[in-house]
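Following: one structure in structure tokens, then a few remarks.
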Amino acid sequence: MYMSDAVAVALTFIGSLIGLVLSFSGFSKTPGSHSMSARIKYALMGYAANLPAWLLAMSANQSFIRASSGLYPGDHLGLNELAWPMILAVIALALLSLPIKLVANTICKDDANWLQQHDPGPLMDVVNAAQIARAMPGEPDFYGFRVVNQDASKELYGDSEGNAYHAGMKADLNAARQKGQLYGTPGIGLKNSGFATSNINSGSKGERVLAGIIAAFNEGGLNVDGFYSLYGLNERGQKTTADIDCVLLGIDHAGQLHAWFVDAKYYKGGKDTKYICMGDNTIARTSKAKHAFVTGPNGQVTLPTSQNMVHQAATWRQFLEQYHISAKWVICFVPGPEGTPDVSDVRWSAIRSVVIDPNSPTGTRAEYTGIPVMSMEDLIKEIHGMDLAHTANIPLAAIQLFKNQLKH
């Protein structure tokens, strides 16, 4: 067998082998690229994609043979004679990446198509998570599923879940202000927001409850300063009309500053309500006990989630780095008279993606990535877990940074 034949056979098998190896590797993630027919397709694709490399390798080999055919024993090829075969060989080696890229891209597309075909959709994310029942004939429905106007918090828990809400509303914010642990006025930033009056009232109440609960827990050693109703920033670091509800600032015993940027939410629902992501930038309100969607004040069961916190996290980054402040951006659902809704599975400004799940009836499940959402209780637990030093240890420069952003 001549050398050119050996090269041709080797390159032919390399292309097919690349296709098969990729189909058995981590590139292949779903049954859409695991089937025997798919693997045969990838092997043939690798073979075809490798033909340019095969042709160039053959040409390089033939050029080398022609250049060396007239040499006498003991003679050597010069650089001029070797240049063209070497160029062809280098290009042939570079072209070996073609089957890798082509097959890998095709596998990704096949996997994406399979996931799309087996994705039940955002509506079913909520229906399955909350076990929502089908609506009976004549009942209000949301795409065929049960809808109610109120959750079961009152019937199940009475007034027993309202203690945190009432404590927050009754807390003496002036006392916290005099201690130097509260700056600004909760809710004042919403007055010129352009929101509907009902939204302004709800938002202001949420910030008031948040401030009251933080003030109460500071009495027990939470050790954070609260700044309420701050200006947002644009890309140049200038103040905008955007609103940041609250920043909680503390310092640990190692001298590291920590800040929680909090967007307070006072939404309809008590302890029986569960909020669940339903597609990109959308959440739905449900009742756990009634296995139904729950309408809001506007009669809708879904709510859009804004991008404000995502944008502000980016524009504030340079200031936080300058002061060496470790920051976390969170959405906090504050308690109401009937308790706090369950937000354990919610992400704000979320983006939905679909992944394979062998344990799911459809073979897939949805994943949501976005800003963390937590209850007031969980936020308090997280801050308490930091074991922060007393607020008197917070540098004045850091305090002034946030005071300068207050809206009053």
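What's counted below: heavy atoms across the whole structure, side chains too, no hydrogens, waters or symmetry copies.
- Applying the salt bridge (charged side-chain N to carboxylate O under 4.0 Å, His left out) test to pairs two or more places apart or on separate chains, those with a residue in residues 213-231 are K179-E219.
- Rounded to the nearest 0.5 angstrom, K265 NZ and F333 CZ are separated by 7.5 Å.
- Screening Y228, W260, W316 for a ring-ring contact (aromatic ring centres under 6.0 Å, His included) involving F402 leaves a single residue, W316.
- For the side-chain hydrogen bond (donor to acceptor under 3.5 Å, both in side chains) criterion with R352, the lone passing option out of N281, D280, D119, T282 is D119.
- In the model, S287 has a side-chain atom that pairs as donor or acceptor with a side-chain atom of D272 under 3.5 Å.
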Practice prompt. Would you check, one step at a time, whether the test salt bridge (charged side-chain N to carboxylate O under 4.0 Å, His left out) holds for D342 with K271?
Written response: CA-CA 7 Å; D342 181 351; K271 187 175 181 179; over 6 Å; no

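- Comment: R365 engages E367 in a salt bridge, judged by a side-chain N to carboxylate O separation of less than 4.0 angstrom.
- The structure places CG of D263 at 10.0 Å from CH2 of W329, a figure rounded to the nearest 0.5 Å.
- The cationic atom of R285 (NZ for Lys, CZ for Arg) does not lie both less than 6.0 Å from the six-membered ring centre of F293 and within 45° of the ring axis.
- I283 CD1 to T302 OG1: the interatomic distance, rounded to the nearest 0.5 Å, is 9.0 Å.
- At a cut-off of 3.5 Å, with distance as the only test, no side-chain donor of N404 or Y231 sits close to an acceptor on the other residue.
- Between D159 and K154 there is a salt bridge, since a side-chain N of the basic residue sits under 4.0 Å from a carboxylate O of the acidic one.
- Using cut-offs of 30° and 60° for the angle between ring planes, the Y165 and Y266 rings count as parallel.
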